[in-house]
Amino acid sequence: MAGKKVFVTRQIPDAGLKLLKHAGYSVKISQTGRAIKHSDLIGELKTGYDALLCLLTDKIDGAVMDAGLPRLKVIANYAVGFDNVDLNAAKDRRLIITNTPSDVVNESVAEHVLSLIFSLAHRVVEADNFTRAGKYKGWQPDLFIGQNLMGKTLGIIGLGRIGKATVRRAVGMDMKVVYHDVVRDKQFEQQYRAKFLSQRELLKTADFVSLNVPLVPATRHLLSTAQFKLMKKTAFVINTSRGPVVDEMALLKALTKHEIAGAGLDVFECEPLIDCNPRDHYELRMMNNVIMTPHTASATVEARADMAVVAAKNIIAALSGKRPPNQVVFK
Ligand code: DGY
């Protein structure tokens, strides 16, 4: 509908922007090339918008919402996770919040989980660094000995869409699968021979523990000192969910004491800082058995374009008075 205005906090793929423009909206995109400042976002929203398309790096609190009201109707988060949005504040203000769960994104994140698992098992990053440094002087029977994945046990904590997409791939590689979730999916268990375990048993059993849960109060520091102590000394942790799901200081200690074998991290507790307090535990970045990627699990051309389309469709539905396909349900 003409006359509607949308503010987008950073350049996103055209596929979504085109949809908004075709719907007749006037679209303004923040062009600073970095995350928008909280105060700038407030200032911009005060000029009057019907919809806000924001990123996981934007803190969407009551002050931001109030700046947009009374005109603002919908806040479309360009992410599956929405822990950056104050849902209570949104509920109080009767604002619509949406996210971007999409099969394309799920597949991308699941592929990323597997790429971290492969890289840890076959020590790809360490071996790459070694080779680039000109240290390879000839074949050796014991150079960068890793391990096969076949027959190893993948433990999924959080059997949502991404967890399931990860299981499907792991089964294809002849890995065994155990999982823990607040709800059991017996049909999925049968179909993929996945075994439901308590979180405690899962941690004791799995060779690779993949975290696929949203960040909510119950999952903050889901893995901390006690949990690392339960894990096998040969086990690896993979975190592509949200940084604070892992107590990073406890992870560093577990790695330093060789209580676990390594970690694949796409997210960090104090993101974008790699260490919350670099003076205390800068060592995480120095560990060869830790692989890090900068929150890029969904960074494929396909996934990011789909996220833009999904976010745009959510806005179009909300501004047309319909229920958006991915409206976040308030508790
Ligand atoms: C998400 O969607 O929540 C990812 O963390 C970023 O794509």
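When a ligand or atom number is given, it counts from 1 through the structure's own listing order. Position 1 is the first residue of the sequence; numbering continues from there.
The atoms of ligand 1 that sit less than 4.0 Å from any heavy atom of R242 are 1 (C), 3 (O), 4 (C), 5 (O). Taking a cut-off of under 4.0 Å to the non-hydrogen atoms of M307, the atoms of ligand 1 that pass are 7 (O). Distances below 4.0 Å separate heavy atoms of G81 from the following atoms of ligand 1: 1 (C), 3 (O).
Between V209 and A206, the shortest heavy-atom contact is CG2-CB, 3.8 Å.
At least one N/O-N/O distance between V80 and ligand 1 falls below 3.5 Å. Considering backbone and side-chain atoms together, L56 places no N or O closer than 3.5 Å to any N or O of ligand 1. Between H295 and ligand 1, an N or O atom pair is found at a separation short of 3.5 Å. Note: no N/O pair closer than 3.5 Å links R304 and ligand 1 by distance alone.
Under 4.0 Å from ligand 1, the heavy atoms of S298 that appear belong solely to its side chain. Contacts of V267 with ligand 1, taken as heavy-atom pairs under 4.0 Å, are absent altogether.
Under a 3.5 Å cut-off, the side chain of K91 and the backbone N or O of K331 do form a donor-acceptor pair.
A donor-acceptor contact closer than 3.5 angstrom is absent between the side chains of Q227 and H221.
Of the residues listed (T240, T166, T293), the one engaging H112 in a side-chain hydrogen bond (donor to acceptor under 3.5 Å, both in side chains) is T293, and it is the only one.
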Exercise for the section: Output, in order, the C-alpha distance, side-chain angles, deciding distance and verdict of salt bridge (Lys or Arg N to Asp or Glu O under 4.0 Å) for E189 and K186. Expected result: CA-CA 5 Å; E189 283 174 32; K186 291 198 178 159; over 6 Å; no

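Between D103 and R161 there is no salt bridge, since none of the side-chain N atoms of the basic residue sits less than 4.0 Å from a carboxylate O of the acidic one.
Taking the side chain as every heavy atom from C-beta outward, E107 and E302 never approach each other to under 4.5 Å.
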